[in-house]
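Quick notes on the structure that follows.
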Amino acid sequence: MEDYNPKNIEEKWRAKWSDDDHYAPNGDDKNKKLYVLDMFPYPSGSGLHVGHLEPYTATDIYSRYFRMRGYNVLHPMGWDAFGLPAENYAIKTGTPPQETTAKAIDTFRGQIQRMGLSYDWSREIGTHNPDYYKWTQWFFLLLYNNGLAYKKKAKVNWDPVDQTVLANEQVLPDGTAERSGAKVVQKDLEQWFFKITDFAEELIDDLDSVDWPDYTVANQRNWIGRSEGAEIEFGIKKKFNFVLLHGFTGSPKDNFFPWLKEQLEAQGHTVQMPTLPDTNEPTEEGQVGHVLKTCTFDENTILFGHSLGSVVALKVLEKLDIRIAGLVTAGGFVDPNFADEDRIFADKFKWIFNFEKIRNAAGFITVLQGDEDSAVSDEQAARLAQGLNVPVVRAHVGEDHFCAKEEPSILRAVVPSIRVFTTRPDTLFGATYIVLAPEHELVEELKDTIKNWNEVAAYVEAACNKTDVERTGEDKDKTGVKLEGVTAINPANKEEIPIYLADYVLAHYGTGAIMAVPAHDERDYEFAKKYDLPIMPVVVPTVDFAVSYIMGQKDISKKDIEGIGGTVEGVTEEGYLMVSFPKKNADAFEKMIVEKMEPGFWNEYISDETVFIFKHRDGAIERLILSGENDGKIRKLGHQFNDDEDTDESVWAWLGENAFYGQFFVSHKEGVMLNSGQFDGMANGEAKKAITEFVGGETKTTYRLRDWLVSRQRYWGAPIPIVYDPEGIPHPIPEEHLPWTLPTDVEFTPHGTSPLGQSKELAERTENIFGKGWKPEVDTMDTFVDSSWYFFRFTDPNNEKEFASKKAMKYWMPVDLYMGGAEHTVLHLLYARFFTKVLNKLGYIDFNEPFAALRHQGTILGEDNFKMSKSKGNVINPDDVVDAYGADTLRVYEMFMGPLEGTKPWNTNSVAGSHRFLKRVWGLVQKQEARIKSQEGGKDTASNAVVVAQHRTVKKITEDTDKLRYNTAVASFMEYVNVLYEEPHTKEQLDALVLLLAPYAPFIAAELWEQLGNEGAVHEQPWPQYDEAKTQTDTITVPVQVNGKLRAQIEVSADIADEELQQQALAHENVQRHLEGKEPKKVIVIHQKLVNIVV
RNA sequence: GCCGCGGUGGCGGAAUUGGUAUACGCUCGACACUUAAAAUGUCGUGUCCGCAAGGACUUGUGGGUUCGAGUCCCACCCGCGGCACCA
């Protein structure tokens, strides 16, 4: 009888299983395919830790289990090999990342193979291999060619010491860099982005279709952050002096001109609308001269030109020696080359412009281009905009080339206004000021109008120099500055309201501007309090108010209120205590009032949501009750006892007078409109829509999600496949030049620019292929790009023509079980889903979500309950555990520790316990050999108990393995083995045990299967079956309760009738004793389960 | 603050769909084997009362529903994770 020696058997079987594709899928039955995937690791220099092994073992058990059930299982492994640690190591030591990475991968692979994990090594991939990143680059081009990758200037965190860009996560709350401790500055850099925001809606909606942990789905939703609301336009209170110039063959009576004039004059502006001379044969001198002669210009002038009128406008500005408020063009151009026909005026104008002069002569400039303009091409518009250094603004036109009688987009563009995004359009009447983000473009536009410009400019500069962290983190004390000399008009009530600049409004969210409603928004409230701005409640919460002055004998504290399930809603400035509590607690509430205050309190007026407002007032016995019904109406105050008091006060009058609204109104989002003109009395939910329509606003959904910045000023990543022509215009590298390889002639020490910039080879390569003066992009891609598509590659890893064939993806995808760390609940999963949606949209695949089911493993802590770390010295090295106990023990222990997703501490004693269990399994089989010998000729028998245990165990392990409940599965193994030690059994029970154990402890199972004299490999056997009938015992123990308390256990035949069971239960001695001679009122018999006798 | 998850012995954790709470393992104690230790085996191990039979209490706290609640409902407390001046 041999002792269990894991070292020997594990070596033996590992050698047998060592060929690359030992575990390659080999069937083609689509109905029985299973793709089981681990999040592939970053191969770090320090090797695998025990935490890696938990998910790997979990998916391995799952894969082996389904193989035994006849499934065609794809279970691959690879390396997320690009990344910072290897590069940082290179900076320190000069060792190229290629070398360290290759070494680390070998270590990882060796450790993984040692654990008996059944990966198909013929599909191994590494993201750093040119064969792989060729396709990463191909994906970049796919996005680029479909308008989903673009370059723009972005504000980034720059560490002046390390000379590199930092992620937001790497900047501490005090604005210093986590690593270097240097003060991080904001720097504008040209960066590449992926347009993930285009998919925000699907990324949220499709979460409904996946089997993922709740919190992962919630985190994704949270991150994407959908808000439904409206955009509303606020006019600026200022009288402008408009000069409107019509176009070629036009007149002020044509098109939208009369309408526009009427609209502007209605808003109080003055309008000059000259008839330009020789409209059918215009000349520059004639038209420009006429305008300069007949129109007056001042700093409040807004010059507008339609079509040729815009050319006239430009020429006029060239000649003006004062600065006007703004310039707007619609269908304008600076280039006489028309696609359709030549224009007669083409050589009557000089097509050279002094753009610099023009730009300086106008406060703001807007270039409008209608959709599909047949007269002016997009290119002409773009040239105009480029000269003026502004973006082209796309406008929906009423008719081609802005020729309708009404053109609202022009009206909007011509009058400076502020567009805000709000989720609470119902509170529009309560908007008492406007806040712009410091970066808001309007600030610059209004430069000439703002009286305190120096102060404003200083605030803007200070805000722009702050990092995001500084602006949003730590003390959120609100700061801001008022724009003097400019006010806005609330479009709902036409009130004039001030405009502030404050950094609590973020430029990149919504429109970068908000309407502030201090009565219904905490932040606005705080700001309003600080700057003494008016607060106007417009929604009264749908609750009843009961207002009471009570004789204050004892104080009611917050604790008293909460003790009876009430909520303290707030304290008014005058010291009133506002309280609400559920109606069912009314009695308790009254009791408290009586105890604390005075007798005879009432509760018949309390509804489900009643807010009480108390005021202690010595001697006063006055009660004011407002409403006994909650019907959404605003009630007048009434007096319960003191009829001589004034009863005409409105809720609002009372509340307003006491000015407690901050907290209370903000926390109640539902209610009835008030102070909102015609909308008074409407439910606020309805008012959202009604008020949006009333002011011509637009319903809008906004997302928190921002586009994905993929540029990294780093070496160890996939180079971005872009080159720049001598004018600096980016061009995609044609596919035939992929992989666009990472150069090796670089130094790793940071210089503040991307390491690729130093490469001579890369520069020469670029010029050789594209021509003199062409330059390569020197940034590499975020490593999250590499991992956003690797699961596709595994389905077809050696394909040289495509990233994966449609056939292979159709067969294998989506991933049936994806296992990995909870730290990836947001970024990696979001990016992978984004790539999948792009491929779906472009017709490469026909599914929408890459990972059908997802599970996370929890963290394994050190024995001291702290996270394992070198500095704490609590790291468990898996190699040591394997050396001491074998891989099977480590596998079984990690599965037995607790639920997969839980955080749990390592416990060396428990490892020994798992080892003991395997030794006991081993011992059973050794004894079996001896038993067979001693029983030669005799008869093998198994007890009933053992047969029942066998079938129950098969059932339980099958169910638990299906559901990845491995901890309870291992517990069942232990119970079964305990039974086998006590009861006579045959080889059948041992075979079942070894088969069940095969996915969990593959080495010992293989060895014992052989020792039991069975043919073939244990892992290729069919999964054992159980017989439901054999899971039942002949007799059962039924608990008997008296009044719900356990008083006896009776042993009865399993097929006993309920009546018989009841009789036996009643007959039991201890039961009789507890009945104390009384007749049972009721006896509850749960078939085969329980008897409860009620007396 | 908002969203999500959880709270059960000395520890990790079980408990079907409302039906014997504490399975399984660890720890600890006693015993057996041994010159001894390790290993192994047997028994015990929620708290309290009791020699025992038996009884009382117990799943974060307080209420509720039910013949019966760890499980369902209400309120609260605590812990973990995510987001956080996102209008």
Side-chain angles (χ1 to χ4, degrees), chain A residues 3 213-223 225-227 229 420-424 427 435 471-473 476-478 502-506 508-517 520-524 526-527 562-567 581-582 584-585 588 666-667 702-706 822-823 825-826 865 893 896-899 901-914 916-917 919-920 923 959 965 967-975 978 981 1037-1049 1070 1073-1074 1080-1084 1086 1089-1095:
Chain A
D3 279 349
D214 288 348
Y215 71 98
T216 307
V217 171
N219 288 353
Q220 294 248 322
R221 286 220 166 86
N222 220 331
W223 184 266
R226 169 150 63 195
S227 296
V420 305
F421 172 72
T422 178
T423 54
R424 295 291 306 274
T427 62
V435 187
R471 265 170 72 163
T472 60
K476 292 167 183 170
D477 200 23
K478 304 253 176 314
D503 65 6
Y504 81 92
V505 172
L506 308 173
H508 56 73
Y509 185 79
T511 59
I514 62 156
M515 62 182 217
V517 186
H520 299 283
D521 183 281
E522 229 174 310
R523 298 150 300 183
D524 298 341
E526 203 186 308
F527 192 82
E562 287 171 354
I564 55 158
T567 309
F581 62 93
K584 58 181 189 211
N585 293 4
V666 164
S667 62
T702 299
Y703 298 89
R704 202 191 73 96
L705 184 69
R706 290 203 247 170
E823 67 273 20
T825 55
V826 176
N865 252 304
Y893 169 64
F896 185 55
M897 287 175 87
E901 65 279 6
T903 303
K904 53 241 157 184
W906 187 268
N907 184 316
T908 301
N909 285 323
S910 282
V911 182
S914 297
R916 199 171 298 135
F917 157 68
K919 275 206 276 194
R920 278 164 69 77
E959 287 169 357
R965 293 177 3 178
N967 56 326
T968 49
V970 174
S972 316
F973 276 124
M974 291 170 169
E975 283 179 77
N978 289 346
Y981 265 91
T1037 306
V1038 178
V1040 182
Q1041 299 178 334
V1042 178
N1043 285 334
K1045 297 205 168 189
L1046 183 69
R1047 296 302 176 194
Q1049 310 243 23
N1070 202 38
R1073 203 154 58 80
H1074 281 91
K1081 276 194 203 128
K1082 197 170 171 189
V1083 180
I1084 288 134
I1086 309 293
K1089 280 229 163 112
L1090 172 132
V1091 179
N1092 189 11
I1093 300 157
V1094 188
V1095 288

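Residue numbers start from 1 in every chain, and the chains themselves are labelled A, B, ... in the order their sequence lines are given, proteins ahead of strands. The basis for the numbers below is simple: all heavy atoms, side chains too, and nothing from hydrogens, waters or symmetry mates.
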Open item on the list: Just by distance, no angles: are the side chains of A/His508 and A/Arg706 close enough, under 3.5 Å, to form a donor-acceptor pair?
Closed with: yes
Open item on the list: Tell me if a side-chain donor or acceptor on A/Ser910 pairs with a main-chain N or O of A/Trp906 at a distance below 3.5 Å.
Closed with: no
Open item on the list: Let's test this: given Watson-Crick or G-U wobble pairing with both distances under 3.5 Å, identify the partner of B/G12.
Closed with: B/C24
- [ ] Please state the P separation for the pair B/U16 and B/G55 - nearest whole angstrom.
- [x] 26 Å
TODO: Could you tell me which residues satisfy side chain to side chain contact (heavy atoms under 4.5 Å, CB included) with A/Glu959, sequence neighbours excluded, listed by chain and number?
DONE: A/Lys955
N/O contacts under 3.5 Å, protein versus nucleotides 80-83 of chain B?
{"from": "B/G82", "atom 1": "O2'", "to": "A/Asn219", "atom 2": "OD1", "distance (Å)": "3.4"}
{"from": "B/G82", "atom 1": "N2", "to": "A/Asn222", "atom 2": "ND2", "distance (Å)": "3.1"}
{"from": "B/C83", "atom 1": "O3'", "to": "A/Arg704", "atom 2": "NH1", "distance (Å)": "3.2"}

Open item on the list: If the condition is ring-ring contact (aromatic ring centres under 6.0 Å, His included), which residues does A/Phe421 pass it with, not counting sequence neighbours?
Closed with: none
Task: Side-chain N or O of A/Arg1047 closer than 4.0 Å to phosphate OP1/OP2 of B/G55 - done: yes
TODO: On RNA chain B, check which nucleotide each of A/Met897 and A/Gly225 is closest to and give me the residue with the more 5' one.
DONE: A/Met897
- [ ] Rounded to the nearest angstrom, tell me the gap between atom OH in A/Tyr504 and atom C1' in B/A87.
- [x] 8 Å
Task: Those residues that, when tested against A/Asn1043, pass side chain to side chain contact (heavy atoms under 4.5 Å, CB included) (two or more places apart) - done: A/Val1094, A/Val1095
TODO: Would you kindly give the NZ-to-C1' distance between A/Lys1045 and B/C57, to the nearest whole Å?
DONE: 8 Å
- [ ] For B/C73 and B/C3, measure between their C1' atoms and round to the nearest Å.
- [x] 22 Å
TODO: Decide yes or no, distance alone: a donor-acceptor N/O pair under 3.5 angstrom between the base of B/C85 and the side-chain of A/Lys478.
DONE: yes
Open item on the list: Which nucleotide wins on minimum distance to the side chain of A/Ile1084, given the candidates B/C85, B/A87, B/G19?
Closed with: B/G19
- [ ] Just compare B/G41, B/G12, B/C67 and give me whichever is closest to any side-chain atom of A/Lys904.
- [x] B/G12
- [ ] Look at A/His520 and B/A87 and indicate whether a side-chain polar atom (N or O) is within less than 4.0 Å of OP1 or OP2.
- [x] no
Task: A/Asn219: partners by side chain to side chain contact (heavy atoms under 4.5 Å, CB included), with sequence neighbours left out - done: A/Tyr215, A/Thr825, A/Val826
Open item on the list: Taking B/A23 as the reference, what is the distance to B/A15 when you measure between their P atoms (whole Å, please)?
Closed with: 13 Å
- [ ] Sequence neighbours left out, what passes salt bridge (charged side-chain N to carboxylate O under 4.0 Å, His left out) with A/Lys904? Give chain and number order.
- [x] A/Glu54
Open item on the list: In whole Å, I'd like the distance from the CG atom of A/Asn1092 to the C1' atom of B/G18.
Closed with: 13 Å
Task: Rounded distance in Å between the P positions of B/A53 and B/U71 - done: 31 Å
- [ ] Round to a whole Å and report the spacing from NZ of A/Lys1082 to P of B/C67.
- [x] 5 Å
TODO: Look through every strand shown and name the nucleotide pairing with B/G4 as Watson-Crick or G-U wobble, where both distances are under 3.5 Å.
DONE: B/C80
TODO: Kindly write out the residues that satisfy side chain to side chain contact (heavy atoms under 4.5 Å, CB included) with A/Asn909, not counting sequence neighbours, or none if the list is empty.
DONE: A/Asn907
Open item on the list: For A/Phe527, give me all partners under ring-ring contact (aromatic ring centres under 6.0 Å, His included), at least two apart in sequence or on another chain.
Closed with: A/Tyr433, A/Tyr500, A/Tyr504, A/Tyr531
Open item on the list: Protein within reach of the bases, or only the backbone? For nucleotides 20-32 of chain B, mark each nucleotide 5' to 3' as B, S or -, using heavy atoms under 4.0 Å.
Closed with: B--BBSSS-----
TODO: Using the P atom as the reference point in each nucleotide, state the distance between B/U27 and B/G12 in Å, no decimals.
DONE: 15 Å
Task: Among B/A87, B/G55, B/G68, the nucleotide that comes nearest once only the side chain of A/Ile514 is considered - done: B/A87
TODO: Could you work out the separation of B/C26 and B/U35 based on their P atoms and round it to a whole Å?
DONE: 27 Å
Task: A/Asn978 side chain to A/Arg920 side chain, donor-acceptor N/O pair below 3.5 angstrom - done: yes
Open item on the list: Tell me which nucleotide, if any, is Watson-Crick or G-U wobble paired with B/U40 when both distances must be under 3.5 Å.
Closed with: B/A32
Open item on the list: Measuring only the P atom in each nucleotide, how far is B/G13 from B/U66? A whole number of Å is fine.
Closed with: 36 Å
